[in-house]
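Below: one structure, written as structure tokens.
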There are 2 protein chains.
Amino acid sequence: MAGVVRLHEIKRTCASCSLQELCLPLGVNEEDLKRLEQIIQRGRPLDKGRKLYHQGDPFVAIYAIRTGSVKSFTVGEDGNEQVTGFHFPGELIGLDAIANNHHDCTVMALETTNVCEIPYERLDELCETIHGLRHQLMRLLSKEIVNDQKLLLMLGKKTAEERLATMLLSLSARYSLRGYSATEFNLSMSRGDIANYLGLAVETVSRLFARFQQDGLLAVEGRNLKILDFSKLKFMVDGCEPPAKLTENRGPN
Amino acid sequence: MAGVVRLHEIKRTCASCSLQELCLPLGVNEEDLKRLEQIIQRGRPLDKGRKLYHQGDPFVAIYAIRTGSVKSFTVGEDGNEQVTGFHFPGELIGLDAIANNHHDCTVMALETTNVCEIPYERLDELCETIHGLRHQLMRLLSKEIVNDQKLLLMLGKKTAEERLATMLLSLSARYSLRGYSATEFNLSMSRGDIANYLGLAVETVSRLFARFQQDGLLAVEGRNLKILDFSKLKFMVDGCEPPAKLTENRGPN
DNA sequence: CGCAAATTTGAGAGCATTCAACTCCTGTGG
DNA sequence: CCACAGGAGTTGAATGCTCTCAAATTTGCG
């Protein structure tokens, strides 16, 4: 319906997409890629605050972020939110819906965001014959499990300080992978989202940013962030000890 | 090598397995099931404390618990453990290894445990032609993501009390699904494992058990557990409010 | 039976939360 | 252009939940 003006941008193909290597096409040959492209739909941009899908929505498709960023969160029966993740270009979302045939979380745009919609049934059909695609999809599912488990480790054991440091380094690494600066970037999520995600109070996050800045680790100005001391941040994350070689004296096997 | 005595037990088939409906075979027809069975290996039982695989081991197969139970845990660089889950008959483990081609956690038997070993490459081959199998595998992967995210919600926001209540109810439901009593069962994991899993100190868990018992919610005696008041436990888990209908006055979409 | 590990119990300390007030930023309407 | 409303973010003070340390007690197993 919209003008044809930036059709070239909207109809961008996987083959020409810079995110190929992070996304579903990884490991799929050129020919098969064309078949994949045929089932992918690219709608209009999602404005900030708009939802891609709601918790409870029937499962129809999975989505890849093309530009922008989103947060996903679940709402418990008691009504309060838990942010389960932030997602950036090249990342696949909606995979949790395969289990129960409906989405278990809501996904909301943190800024203007473009997504690729991949109807699951048709993707599944393609998986039958395209081995690489099948495997990459599995890998991405598996990766999400690994990620969640890392997050678990974090929420279970780490202090507020360690949690924030971990998140900042994760963001930095992800931006870096996508060709952006690893040291300076803009947070697309609010302090509230960060706090919720990390299982902390907003005030605590605010105080931590203040302290990190005071300690010369960061330069923070609203949502603009500059990392000044990577090594100290990493030091926080790893606990305390440098990678010591543990002499395993545990049981057999 | 072992005697032929209980061969009938060891060579038990999927078709005759009572866990069929919880496990990989769900949605696979009889004929295809035979093909699946052919690739599955059932080794000797794993004694308590033995490890099924180590963090870092190359990825060869996924496993289904047949009898017994296991815990899975990751060891951070700083050396401390995080228990990421407990697994019971019918549950598939090792799925996290698909992502990076090596296991990201260690799995240890909590009691004598039998597992079915399913070589991944051959499973993948079967997935090519057996649609139901492919879909079930995806579902199980997805389910694990959903589970982890629920756990995240728990560790992020809940109090110690709520965490333990949540875990007990989860165990109860799982035992019940497997045909055991929902109200009385034996914990195969130590207090330490529980504490670690829930992100609490051992002492806290111990005190909670004492308090729950004192409040008439449970009867605890070592690892034997009887749930006396389900509704109160559920009440704890849900936060506080009965399923109130929230008048959603949020944004559009 | 006896040691070692697991569990329980007690007391005190600390980190993060909660409550409260205030500032800053943004967008809207006069 | 400016005043104002409202949300987002910051800062301060006090409470409290959970942890840590310490020691007693029980359980499991050789």
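This is a predicted model, so every value here is computed, not measured. Quick note on labels: first sequence line is chain A, next is B, and so on, each numbered from 1.
- The backbone N or O of Ala182(B) lies less than 3.5 Å from a partner atom in the side chain of Ser172(B), making a donor-acceptor pair.
- Within the nucleic acid shown, Ser190(B) comes within 4.0 Å of sugar-phosphate atoms alone, with no base atom in reach, counting heavy atoms only.
- Map Met189(A) and Glu203(B) each onto its nearest nucleotide of DNA chain D; the residue landing nearer the 5' end is Met189(A).
- Residue-level contact check: Gly222(A) touches neither bases nor backbone, having no heavy atom under 4.0 Å from any strand.
- Contact annotation for Arg223(A): backbone-only contact, meaning every heavy-atom pair under 4.0 Å involves sugar-phosphate atoms and none involves a base.
- Nearest-nucleotide positions on DNA chain C place Ala210(B) closer to the 5' end than the other of Ala210(B) and Ala160(A).
- If you take NZ of Lys158(A) and P of dA16(C), they are 14 Å apart, rounded to a whole angstrom.
- Salt bridge Arg178(B)/Glu91(B): present, at least one basic N to carboxylate O contact under 4.0 Å.
- Screening residues 197-223 of chain B for side-chain hydrogen bond (donor to acceptor under 3.5 Å, both in side chains) gives Glu161(B)-Arg211(B) as the qualifying pairs, with residues at least two apart or on separate chains.
- Between Arg191(B) and the phosphate of dT8(C), there is a side-chain N or O to OP1/OP2 separation shorter than 4.0 Å.
- A distance of 8.0 Å separates CG in Leu110(B) from NZ in Lys48(B), rounded to the nearest 0.5 Å.
- Between the CZ atom of Arg207(A) and the P atom of dC19(C) there is a distance of 14 Å, given to the nearest Å.
- First and last contacts of DNA chain D with chain B, using any nucleotide atom under 4.0 Å from a protein heavy atom and ordered 5' to 3', fall at dT18(D) to dA22(D).
- Of the inter-residue distances, the one linking Gln82(B) atom CD with Ser72(B) atom OG reads 10.0 Å to the nearest 0.5 angstrom.
- A straight line from NZ of Lys157(B) to C1' of dT18(C) spans 15 Å, rounded to a whole angstrom.
- Looking at heavy atoms from C-beta onward, Ser188(A) lies in side-chain contact with Phe88(A) at the 4.5 angstrom threshold.
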